[in-house]
Participant: 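I'd like to ask some things about the structure below.
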Amino acid sequence: MSWSPNQPDSVDALFERRKAPVLALADDARTVAEACHGMARRFHRGGKLVVFGNGGPSTDAQHVAVEFVHPVIVGKRALPALSLTADVATVTGVANRAGLEDVFAHQLRIIGDPADIALGISTDGDCANVRRALETARDLGMLTVALTGGDGGAIARTPGLDHVLIARSTDPRVVKEVHVTTYHVLWELVHVFFEQPGVLTPEVAS
Ligand SMILES: O=C(CO)[C@@H](O)[C@H](O)[C@H](O)[C@H](O)COP(=O)(O)O
């Protein structure tokens with residue numbers, strides 16, 4: 001569906017647009033499943049999930065973290081996760097001295113462990129601080145997962161990242177909706193793999 005920033009949707013178009021996230025996600029099902037498989041393996045090794053992003057994605061980061069720590073479905077196992085966006089003292093303190101580009105990377109250098117998972121969220125894939133944090137996580141040996149949009153931006157072109165999930169739309173509204181759907185699927189599928197250790201063999205991973 002074509003989209004122009006200055007042309008309001010009709011009511012029909014607005015509801016039609018809601019189908020796009022699910023369709024986009026279905027196209028990328030294997031990529032998403034591979035990321036979840038890798039994440040489940042890290043949780044089994046005692047790793048934690050560390051999530052970050054700016055603006056809207058900063059609250060997505062908090063949302064992802066709480067899904068893992070306090071699952072919406074009662075009885076689901078909690079898994080360790082935190083967001084790097086929730087502590088305004090840390091974010092502003094690092095930004096003030098080291099610059100905004102280092103706010104997430106700095107925190108990862110302090111709290112990151114090689115067993116951990118870094119999940120960076122950026123609507124256009126070009127956020128410098130998300131990219132720098134993913135590079136830092138990669139260099140620490142963490143599993144790196146990026147959630148981006150458009151053509152994936154600079155983050156998709158960053159060498160050595162493990163899983164780059166791209167919401168393939170130029171419409172930022174669609175990208176954001178794909179992201180919300182994707183991280184709920186991530187949470188569910190990680191549990192599927194985590195709870196069936198037999199599925200976590202290297203043969204299946206390859
Ligand atoms: O996310 C929202 C609103 O939902 C924006 O206002 C947001 O603050 C900005 O686009 C941020 O710069 C996010 O950048 P990006 O990495 O997600 O492209």
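Whatever order the structure lists them in is the order used to number ligands and atoms, beginning at 1.
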Participant: Examine ligand 1 and decide if any of its atoms is less than 4.0 Å from a heavy atom belonging to V130.
Facilitator: no
Participant: Has T144 got a side-chain atom pairing as donor or acceptor with D162's backbone, closer than 3.5 angstrom?
Facilitator: yes
Participant: Suppose we call two aromatic rings close when their centres sit under 6.0 Å apart. Are H63 and H184 close by that rule?
Facilitator: yes
Participant: Please tell me if atom 4 (O) of ligand 1 is touched by the protein, where touching means a protein heavy-atom distance below 4.0 Å.
Facilitator: yes
Participant: For ligand 1, which atoms, with element, lie under 4.0 Å from some heavy atom of S122?
Facilitator: 15 (P), 16 (O), 17 (O), 18 (O)
Participant: Give the residue and atom name of whichever protein heavy atom lies nearest to atom 15 (P) of ligand 1, and the separation in Å to one decimal.
Facilitator: T123 N, 3.4 Å
Participant: Without swapping roles, check the side chain of R138 against the backbone of P159 for a donor-acceptor pair under 3.5 Å.
Facilitator: yes
Participant: Return yes if some donor-acceptor pair links the side-chain N/O of T148 with the main-chain N/O of G125 below 3.5 Å, else return no.
Facilitator: no
Participant: I'd like to know if the side chain of N129 pairs up with that of N54 as donor and acceptor (distance under 3.5 Å, no hydrogens or angles considered).
Facilitator: yes
Participant: What protein heavy atom sits nearest atom 8 (O) of ligand 1, and how far off is it?
Facilitator: G55 CA, 3.1 Å
Participant: Taking atom 13 (C) of ligand 1 as the reference point, report whether a protein heavy atom occurs under 4.0 Å from it.
Facilitator: yes
Participant: As an exercise, state the distance from NZ of K76 to CD of E188, rounded to the nearest 0.5 Å.
Facilitator: 7.0 Å
Participant: Which protein non-hydrogen atom lies closest to atom 6 (O) of ligand 1, naming both residue and atom, and how far is it?
Facilitator: G56 N, 5.0 Å
Participant: What's the shortest distance from atom 1 (O) of ligand 1 to any protein heavy atom, and which residue and atom give it?
Facilitator: K176 NZ, 2.7 Å
Participant: Which protein heavy atom lies closest to atom 11 (C) of ligand 1, and at what distance to 0.1 Å?
Facilitator: N54 O, 4.0 Å
Participant: Relative to the ring of F193, is the ring of H37 parallel (under 30°), tilted (30 to 60°) or perpendicular (over 60°)?
Facilitator: perpendicular
Participant: Which ligand 1 atoms, with their elements, are less than 4.0 angstrom from a heavy-atom of C127?
Facilitator: 14 (O), 15 (P), 16 (O)
